[in-house]
**Student:** 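Here's a structure for you.
Lettering of chains follows the sequences in order, A, B, ..., and the numbering in each one begins at 1. Excluded from the calculations below are hydrogen atoms, water molecules and symmetry mates; all remaining heavy atoms, backbone and side chain alike, are included.
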Amino acid sequence: MNKLVRAAQTSQSLSLAAMEEASRLGLREADIDHLFLALVINDQSAGCALRELGIDIDSARLAVEDQRDAQLTSLGIEASFPEAGRIVFHETDGYEWTRRARDLIAKSSSKGKSGDAAAVLRELVAEPSGLITDILGRLGTTSDALIERLDRAVSPSMKSMPLAAKVKGRTTGTIETFVSAPLDEVWAYLTDPARIPDWEPSIGTLDQTAQEAMPGTVWEGTAPAIYPDGKPVKIKPQFRRRSVELIAIHQPDRIAWSFGYPDVAQGNSILTEFTLANATGGTQLRISRSWSRRQGWRGLVAWPLRPVQKFLVWITLFQTGSAISRTFR
Amino acid sequence: MESPRIAAVAADTSDPKAGLRAVASLRVLADTLELRQVEAALRSGMSWQEIADALGVTRQAAHKKHSKRIDPAISTPRRNK
């Protein structure tokens with residue numbers, strides 16, 4: 001993966017997680033403390049180094065809140081921040097980075113720097129206000145200890161796990177994400193058909209969710225009628241009905257679902273596969289999505305658009321991955 | 001303001017660096033509260049002009065800052081309501 005792509009994907013996933021954290025606090029501007037929380041649940045080596053120091057999302061959130069409250073007290077103000085609620089990022093709008101957070105992320109991919117999450121974390125612990133140093137202190141560690149750990153940390157990559165075999169004539173995309181919950185909880189969530197509308201954006205409702213999840217079982221459902229922010233979805237009638245099939249289930253770490261359109265004659269179903277692995281402080285999750293390419297002239301026309309397709313696959317994978325991560329926060 | 005609080009503020013000017021950072025946190029708190037109050041005002045049927053007057057800014061400034069940030073479920077009033 002080249003640096004530009006890695007830097008773009010890193011900043012995308014950190015932005016989302018940080019703004020989600022800001023959204024629980026009723027804020028629309030994500031600052032460096034939210035960026036720190038985003039790094040704690042990051043799937044790359046930066047997140048791994050933080051979690052190996054015993055920092056998880058709950059303790060990190062608490063440290064950030066305590067730091068903010070203590071600062072108000074030091075000003076002689078008897079007030080505390082409103083209690084945090086649930087993440088509302090996906091239902092609301094108007095989010096942005098503060099200037100210093102945006103500059104910091106840009107700096108991490110400047111000349112001579114790698115642009116990955118580790119580079120962002122290195123910039124963050126060196127930020128001049130001292131806020132992050134104080135938060136690390138509340139978490140019982142120091143910048144030096146963290147950098148030292150980061151130098152040794154390796155990404156909890158799932159390279160050792162077998163990837164689904166590449167099938168000719170299929171478009172495939174894969175991403176990894178970190179979920180801050182034990183493997184068995186993530187497994188129970190991903191194998192429960194009733195939870196599919198949570199993580200698959202193209203499914204709105206699903207019937208007969210009480211059916212036992214066995215390979216070959218098919219569920220019927222509908223596409224979503226409204227977006228998370230409440231706006232109605234415009235959709236052609238033949239794309240309204242959806243079908244979901246459980247393709248494979250290998251306890252405790254592999255599951256594959258297929259999503260189709262029963263009312264479309266030449267419908268192309270999309271296969272979504274999950275592979276789970278234990279990681280420090282949670283579960284590393286790999287998500288793959290694939291579908292068969294068009295045959296004949298349509299395939300030829302589509303060929304020059306492959307990079308665009310790849311990007312679109314990444315977007316949908318990213319949506320699924322972040323929805324799952326959000327559920328466990 | 002009551003005297004003990006003033007004392008606390010005064011005492012803390014001994015460490016201006018910590019004090020300045022604390023003020024930054026206070027701004028974050030003010031932003032959080034401002035958004036909440038604006039949302040509550042819109043829900044209660046106040047216009048952007050009334051909100052802006054209360055905040056002491058122009059209607060345009062209030063609208064620019066908050067129109068995208070507020071809960072999309074709130075139906076915002078038109079200008080000439």
**Student:** Taking the six-membered ring for Trp, are A:Y189 and A:F328 parallel (under 30°), tilted (30 to 60°) or perpendicular (over 60°)?
**Tutor:** perpendicular

**Student:** Against chain A, label B:E39 side chain, backbone, both or neither, depending on which of its atoms sit under 4.5 Å from a heavy atom there.
**Tutor:** side chain

**Student:** Given that the side chain runs from C-beta out, which part of A:T98 has a heavy atom under 4.5 Å from chain B: side chain, backbone, both or neither?
**Tutor:** neither

**Student:** Counting only heavy atoms closer than 4.5 Å, note whether A:D69 contacts chain B via side chain, backbone, both or neither.
**Tutor:** neither

**Student:** Is A:E91 in contact with chain B via its backbone, its side chain, both, or neither, using a 4.5 Å heavy-atom distance?
**Tutor:** backbone

**Student:** Where do A:S23 and A:V88 come nearest, in terms of heavy atoms and distance?
**Tutor:** OG-N, 3.0 Å

**Student:** Select one option (side chain, backbone, both, neither) describing which atoms of B:R21 are under 4.5 Å from chain A's heavy atoms.
**Tutor:** both

**Student:** Salt bridge check, A:D33 against A:R68: does any charged N sit closer than 4.0 Å to a carboxylate O?
**Tutor:** yes

**Student:** Using only heavy-atom distances, determine whether the side chains of A:D43 and A:T177 contain a donor-acceptor pair under 3.5 Å.
**Tutor:** no

**Student:** Looking only at heavy atoms and a cut-off of under 4.5 Å, which of B:V28, B:L33, B:D31 has the most pairs with chain A?
**Tutor:** B:V28

**Student:** Less than 4.5 Å to any heavy atom of chain A: does that hold for the side chain of B:L29, its backbone, both, or neither?
**Tutor:** both

**Student:** Using the rule side chain to side chain contact (heavy atoms under 4.5 Å, CB included), only one of A:R86, A:R61, A:R329 pairs with A:R24; which is it?
**Tutor:** A:R61

**Student:** Salt-bridged, A:R28 to A:E96, with N to O below 4.0 Å?
**Tutor:** no

**Student:** Name the option with the most non-hydrogen atom pairs under 4.5 Å to chain A; the candidates are B:D71, B:L35, B:L26, B:T32.
**Tutor:** B:T32

**Student:** Please determine, among A:L131, A:L27, A:D31, A:T92, the option with the most heavy-atom pairs under 4.5 Å with chain B.
**Tutor:** A:L27

**Student:** Does a side-chain N-to-carboxylate-O contact under 4.0 Å join B:E34 and B:R69?
**Tutor:** no

